[in-house]
Amino acid sequence: MSNWLEISAKTVDEALTEALIKLETTSDQIEYEVIEKESSGLLGLFSKPARIRVCKKESVEDKVRNFLSNLFEKMEIEVEVVLDYKEEEGVIEIELKGNEMGLLIGKRGQTLDSIQFLTSLVANNNREDYVKIKMDTENYRERRRQTIENLAKNIANKVKKTRKPAYLEPMNPYERRIIHAVLQNDKYVETYSEGEEPFRKVVVNISKEYADMPPRRNNNYRRRNNYNGNGGNYRRKPYNKNYRRDNKEKFESNKESE
C-alpha cells in the first residue's frame with residue numbers, strides 16, 4: 001500500500017479536495033479514512049477541523065504481484081510470476097514458473113486453486129469492477145481438463161453397461177462444468193451435481209429415456225453361439241452319426257496313449 005497522507009481542513013470535503021490537489025489525482029483513484037470529523041463547538045467556540053488520511057489506490061497488477069511475492073517468500077519458494085492484465089476483458093492471467101511447481105499445484109490442483117482464490121480476494125478488495133484471476137503453471141489446467149474429459153467418457157460407458165449411477169469425487173465448479181459439457185450431448189446419460197461446497201460432486205446416471213429401454217445384447221456372444229434370433233434359441237450343429245467311424249484311427253490312437 002502507498003504511504004498515507006494526513007490532511008486537516010474545516011470539513012471532510014475540503015480535506016478531500018486538498019488531498020486530490022496534493023496527490024494530483026481524481027477521487028476514484030484514492031482511498032481515505034476519516035480520523036476525526038469537524039466540530040463547530042459551543043457557540044462557534046472551540047471548533048475542531050476535520051482530519052483524514054488518504055493515499056492513492058494501488059494498481060491491481062501491483063497488488064497481485066506484491067501479494068504473490070510476499071506469499072512465495074514466506075513459503076520459501078523461488079517463483080517467477082508472469083502477469084498479463086487484460087483490462088478490457090477484466091481478466092488477469094498469471095503464469096507461475098519455477099523448479100518446485102508440483103508443490104504449488106498440490107493434490108488434484110487444490111493448492112493452485114487456493115492460491116488463485118486468495119489472489120482473487122486481494123485483487124478485488126475495495127474494487128467496484130470485478131477482476132477475474134486465471135492462474136496456471138506448467139500447463140496444468142489443460143492437462144487436468146483432458147484427464148477430466150477422459151474420465152467423464154469412461155464413467156459414461158460404465159453407467160451405460162451397469163445402468164447404475166456413478167458418483168465422482170468432489171470437484172471445484174470449473175471441473176464440474178467440464179463433466180457436464182462433455183456429456184451433455186450423450187442422450188444415454190444425464191449429469192447433475194449434489195452436495196455442498198467444497199464436497200459438491202457430479203453424478204452420472206442413465207437417462208430416463210434410455211432407462212426404459214431393454215439392455216443392449218452382446219452381438220459378439222450371439223455370433224459365437226450361432227444365435228438364430230427366435231426366442232433365445234441357439235442352432236446346434238447337425239449330429240454326424242458317422243463321425244466316430246470317420247475318426248476311428250484318431251480314437252484308437254488316443255486309447256493306446258492312455
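Position 1 is the first residue of the sequence; numbering continues from there.
Remark: Arg108 engages Glu169 in a salt bridge, criterion side-chain N to carboxylate O under 4.0 Å. A salt bridge links Lys86 to Glu93: at least one charged side-chain nitrogen sits closer than 4.0 Å to a carboxylate oxygen.
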Show which side-chain atoms of residues 199-206 pair as donor or acceptor with protein atoms under 3.5 Å away, not counting sequence neighbours.
| residue | atom | partner | partner atom | Å |
| --- | --- | --- | --- | --- |
| Arg200 | NH1 | Gly195 | O | 2.6 |
| Arg200 | NH2 | Ser193 | O | 3.4 |

What side-chain donor-acceptor pairs closer than 3.5 Å can you find for residues 5-18, not counting sequence neighbours?
| residue | atom | partner | partner atom | Å |
| --- | --- | --- | --- | --- |
| Glu6 | OE2 | Arg51 | NE | 3.2 |
| Glu6 | OE2 | Arg51 | NH2 | 2.8 |
| Thr11 | OG1 | Glu14 | N | 3.1 |
| Thr17 | OG1 | Asp13 | O | 3.0 |
| Glu18 | OE2 | Lys22 | NZ | 3.4 |

List the atom pairs, donor and acceptor, that lie under 3.5 Å between side-chain atoms in residues 115-124 and the rest of the protein, sequence neighbours left out.
| residue | atom | partner | partner atom | Å |
| --- | --- | --- | --- | --- |
| Gln116 | OE1 | Met135 | N | 2.8 |
| Gln116 | OE1 | Arg141 | NH2 | 3.3 |
| Thr119 | OG1 | Ile115 | O | 2.7 |
| Ser120 | OG | Asn124 | ND2 | 3.4 |
| Ser120 | OG | Tyr130 | OH | 3.3 |
| Asn124 | OD1 | Val131 | N | 2.6 |
| Asn124 | ND2 | Ser120 | O | 2.9 |
| Asn124 | ND2 | Val131 | O | 3.0 |

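In terms of heavy-atom proximity, Ala156 sits nearest to Asp186 at CB-OD2, 4.3 Å.
Atom-to-atom distance recorded for Glu61:CD and Glu87:CD is 7.0 Å, nearest 0.5 angstrom. To the nearest 0.5 Å, atoms OG1 (Thr147) and OH (Tyr140) are separated by 8.0 Å.
For the pair Thr111 and Ile105, the minimum side-chain heavy-atom distance is 4.5 Å or more.
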(request) Output, in order, the C-alpha distance, side-chain angles, deciding distance and verdict of side chain to side chain contact (heavy atoms under 4.5 Å, CB included) for Val91 and Tyr85. (result) CA-CA 6 Å; Val91 176; Tyr85 180 27; over 6 Å; no

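Judged as a salt bridge (charged side-chain N to carboxylate O under 4.0 Å, His left out), and not counting sequence neighbours, the contacts of Arg53 are Glu33. With sequence neighbours left out, Glu149 forms a salt bridge (charged side-chain N to carboxylate O under 4.0 Å, His left out) with Arg145. Contacts of Asn172 classified as side chain to side chain donor-acceptor pair (under 3.5 Å), with partners at least two apart in sequence or in another chain: Asp113.
Ser69 and Asn66 form no side-chain donor-acceptor contact under 3.5 Å, judged by distance and modelled atom types alone.
Of the candidates Asp84, Asp136, Leu83, Asp136 is the only one forming a side-chain contact (heavy atoms from CB on, under 4.5 Å) with Glu95.
Enclosure of atom CD in Glu197 by more than 12 non-hydrogen atoms of other residues, nucleotides or ligands within 6.0 angstrom is indicated.
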